[in-house]
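First the proteins, then the strands, lettered A, B, ... as listed; each starts at 1. Since the structure is predicted, the reported quantities are computational estimates derived from the model, not experimental observations.
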Amino acid sequence: MLALVDCDSFFVSCQVVFNPKLRSKPVIVLSGNDGCVVSRSKEAKALGIPMGIAAFKVKDLIKKHRIYTFSSNFPLYGDMSQRVMAILLDAAPRVSIYSIDEAFLDLSTIPKEDLKSLASELREKIYKWTGISVTIGVAPTKTLAKVATNKAKKNSNLKGVHIFYTKNDIYKALCDFPVEEIWGVGRESARFLKYYGIDTAHQFSTAPEKWLRKNLKIFGLKTQKELQGVPSINFTQTYAPKKQIIRSRSFKNQITEFEALSEALASFVVRAAFKLREQGSVTSKISVYIRTSKYSASHLRYYNSAEKKLLSPINDTAFLIKEARECLKIIFKTGYGYKKAGVVLSDIVPEHSRQMDIFRTYEPETSKSLLNAIDNINNTMGARTIQYGAEGLNRKSLYRSAKKSGLYTTSWEELLRVS
DNA sequence: TCTGGGGTCCTAGGACCC
DNA sequence: TCTGGGGTCCTAGGACCC
């Protein structure tokens with residue numbers, strides 16, 4: 001058996017921990033640039049705020065019901081996530097952290113009769129130690145644990161824990177579980193399945209194997225096995241290094257100047273390269289993209305990207321900034337108002353297995369101590385204590401973030417004051 | 001006026017080899 | 001008229017996740 005532990009309305013919960021008077025009130029958290037609604041309290045859901053909707057579209061609803069609104073605050077969520085995960089890592093021999101607010105726990109060594117108390121106690125402990133409430137689903141496979149969690153969230157009588165003990169438990173649950181809510185069945189597959197009369201998870205689990213393999217490919221087949229109780233999705237490593245690192249942002253106002261865009265890209269590179277070094281990796285491909293608004297008139301729309309392959313994989317910020325600038329030169333066109341830009345590092349490999357460049361156009365050792373020094377200073381004295389000139393100095397923020405709460409757990413200046 | 005920011009896995013098809 | 005049979009590697013882009 002394995003458990004899925006899923007934090008309830010995670011971003012909202014993080015805000016409420018440090019602002020307890022918001023408990024039982026409608027609260028939402030917005031995406032970057034205050035664009036979309038990405039987390040909602042139970043009360044906000046009940047008022048009809050859909051997931052992912054553009055914030056301006058529900059402005060009236062927010063005003064009318066006095067819904068408390070926060071800009072996203074990722075340093076806070078990341079830190080709260082680590083606290084929850086630390087408890088989970090201690091609770092089971094193997095833990096697979098799946099996202100910022102979810103993890104799978106291997107419970108195969110736990111006797112069946114102990115599962116219920118273990119899950120309930122874990123749930124209480126997490127709430128007591130972090131203030132975050134979680135829902136736990138226990139089942140023989142990841143996909144079924146997802147179903148169990150889903151059921152628990154919809155039925156408050158279950159008190160946040162749902163366990164599939166028997167085949168019959170599973171059968172009953174799958175019969176009234178909509179096919180489009182299965183983990184791994186997205187919009188495309190759901191439309192296809194429904195066209196052929198497959199509406200429930202149970203129907204999916206009994207569909208002909210060959211037909212499924214042909215149309216939904218290998219992942220469709222794996223999902224079917226999972227629903228039948230046969231584990232088919234790997235239990236991945238807890239701290240697997242990223243294979244791709246993206247840093248991107250939407251801008252508050254359109255950017256029209258090359259230099260301004262170049263500075264924004266440089267700041268993305270700085271953060272991406274820091275992440276790269278943090279996980280002990282080097283990259284051999286950098287790509288850059290810029291885009292106008294997706295919603296503007298078609299003749300004002302422009303999207304383009306460019307990439308550079310690096311002869312020798314590296315993690316040197318200054319080098320990558322130069323490469324990003326070269327990419328921008330290729331794709332930048334005047335006359336457009338750019339709304340978003342991003343940097344992608346890919347073809348990432350561990351630093352110790354780096355393939356050297358026979359022509360030695362770049363010698364990584366020379367900058368290693370410099371990079372270490374910069375990282376150490378920024379780690380101990382705060383991010384951006386030392387910056388690169390290419391990021392631009394004293395610039396005004398390019399991003400909208402009007403309702404950001406304090407960095408209660410990661411900045412000495414912003415600790416919560418209690419009186 | 002205003003529409004997020006990360007990720008992963010899989011497949012088809014091209015380029016290439018003998 | 002008819003034009004082999006067996007492979008590998010790489011990449012772009014789709015589908016999906018939170």
Side-chain angles (χ1 to χ4, degrees), chain A residues 4-12 28-40 50-60 62 69-75 77-78 81 96-104 142-143 146 149-150 180-193 213-223 232-234 236-237 240-254 268 271-272 275 279 284-285 287 289 291-296 301 303 305 307 309 337 339-348 398-403:
Chain A
L4 170 64
V5 179
D6 187 320
C7 300
D8 302 329
S9 309
F10 183 58
F11 297 169
V12 162
I28 57 175
V29 171
L30 304 178
S31 65
N33 213 36
D34 293 347
C36 300
V37 176
V38 292
S39 182
R40 306 158 295 156
M51 182 66 178
I53 194 163
F56 73 91
K57 287 187 179 171
V58 284
K59 215 169 61 183
D60 294 340
I62 290 171
T69 306
F70 291 91
S71 301
S72 50
N73 185 342
F74 276 91
Y77 310 149
S81 173
S96 174
I97 297 172
Y98 176 66
S99 74
I100 195 165
D101 71 335
E102 278 172 88
F104 292 98
K142 284 183 163 184
T143 307
K146 276 270 182 188
T149 306
N150 193 304
E180 68 270 22
E181 289 186 23
I182 299 170
W183 188 46
V185 175
R187 218 175 27 200
E188 289 300 307
S189 308
R191 205 175 46 182
F192 175 83
L193 290 163
R213 174 73 178 86
K214 180 160 172 267
N215 294 290
L216 297 192
K217 315 298 173 186
I218 195 72
F219 199 79
L221 207 59
K222 282 188 186 175
T223 301
S232 307
I233 297 174
N234 279 344
T236 41
Q237 242 185 292
K242 299 281 181 241
K243 299 173 176 176
Q244 171 181 288
I245 295 171
I246 303 177
R247 288 298 176 269
S248 67
R249 280 286 178 282
S250 295
F251 306 120
K252 180 167 53 179
N253 304 118
Q254 296 181 351
F268 300 156
R271 284 187 287 132
K275 177 82 194 169
Q279 67 170 32
S284 30
K285 190 161 99 183
S287 48
Y289 72 89
R291 76 170 323 140
T292 56
S293 169
K294 282 190 281 186
Y295 306 93
S296 52
R301 240 180 271 168
Y303 168 89
S305 67
E307 66 181 45
K309 294 207 171 162
K339 246 336 232 173
K340 187 176 179 184
V343 166
V344 184
L345 305 181
S346 49
D347 292 8
I348 290 173
L398 301 172
Y399 318 108
R400 196 192 316 274
S401 185
K403 312 213 160 148

Nearest-nucleotide pick for A/Ser248, side chain only, options being C/dC16, C/dC18, B/dG5: B/dG5
Sugar-phosphate only, base, or nothing, as touched by A/Ile245 at under 4.0 Å among non-hydrogen atoms: sugar-phosphate
Which residue lies more 5' along DNA chain B, comparing A/Ser293 with A/Phe219 via nearest heavy atoms: A/Ser293
Whole-Å distance separating the CG atom of A/Asp34 from the P atom of B/dG5: 11 Å
A/Lys242 side-chain proximity, nearest of B/dT8, C/dT11, B/dG4: B/dT8
Residue pair A/Ser39 / A/Ser9, side-chain donor-acceptor N/O under 3.5 Å: no
Sugar-phosphate only, base, or nothing, as touched by A/Lys275 at under 4.0 Å among non-hydrogen atoms: nothing
Per A/Glu188 side chain, nearest of listed nucleotides B/dA12, C/dA15, B/dT3: C/dA15
Options C/dC17, B/dG4, B/dG5, nucleotide nearest the side-chain atoms of A/Tyr98: C/dC17
Donor-acceptor side-chain pairing of A/Ser71 and A/Asp34 below 3.5 angstrom: yes
For atom CG of A/Asn150 and atom P of C/dC18, their distance in whole Å: 10 Å
A/Lys252 to A/Tyr399, cation-pi by 6.0 Å centre distance and 45° axis angle: no
Side-chain N,O (A/Arg400) to OP1/OP2 (B/dG4) below 4.0 Å: no
A/Lys146 side-chain N/O to C/dC18 phosphate OP1/OP2 under 4.0 Å: yes
Most 5' of A/Gly32 and A/Arg213 on DNA chain B, judged by nearest nucleotide: A/Gly32
Touch class at under 4.0 angstrom, heavy-atom based, for A/Lys59 against every strand present: base
Centroid-centroid distance, A/Phe219 to A/Trp183, less than 6.0 Å: no
Short side-chain N/O contact to B/dT3 OP1/OP2 from A/Lys339, under 4.0 Å: yes
Sugar-phosphate only, base, or nothing, as touched by A/Ile182 at under 4.0 Å among non-hydrogen atoms: sugar-phosphate
Rounded distance (Å) that lies between atom C1' of B/dT1 and atom CG of A/Asn253: 10 Å
Nearest-angstrom distance, P atom, C/dC18 to B/dT3: 25 Å
Between C/dA15 (P) and A/Leu221 (CG): distance, integer Å: 19 Å
Options B/dT3, B/dA12, C/dC16, nucleotide nearest the side-chain atoms of A/Arg187: C/dC16
Closest nucleotide among C/dC17, C/dA15, B/dG4 to the A/Ser189 side chain: C/dA15
A/Leu345 CG to B/dG7 P, straight-line distance once rounded to whole Å: 9 Å
Atom pair distance, as rounded to whole Å: CG in A/Asn215 and P in B/dC10: 18 Å
A/Asp101 and A/Ser99: side chain donor to acceptor below 3.5 Å: yes
Phosphate OP1/OP2 of B/dG5: any A/Lys340 side-chain N/O under 4.0 Å: yes
Options B/dT8, B/dG6, C/dA12, nucleotide nearest the side-chain atoms of A/Glu307: C/dA12
Side-chain N,O (A/Ser250) to OP1/OP2 (B/dT3) below 4.0 Å: no
Distance in angstrom units between A/Lys222 NZ and B/dT11 C1', rounded: 13 Å
Which nucleotide in B/dG5, C/dT11, B/dC2 has an atom nearest any side-chain atom of A/Lys309: C/dT11
Interatomic distance where CD1 belongs to A/Ile218 and P belongs to C/dA15 [whole Å]: 18 Å
Candidates C/dC18, B/dG6, B/dT3 - which lies nearest the side chain of A/Tyr295: B/dT3
Nearest listed nucleotide, side chain of A/Arg247, among C/dC18, B/dG7, B/dG4: B/dG7
Whether A/Ser31 side chain and A/Cys36 backbone form a donor-acceptor pair below 3.5 Å: yes
Under-4.0 Å side-chain N/O to phosphate OP1/OP2 contact, A/Ser99 with B/dG7: no
A/Phe104 and A/Tyr98 aromatic ring geometry - parallel, tilted or perpendicular at 30°/60° bounds: perpendicular
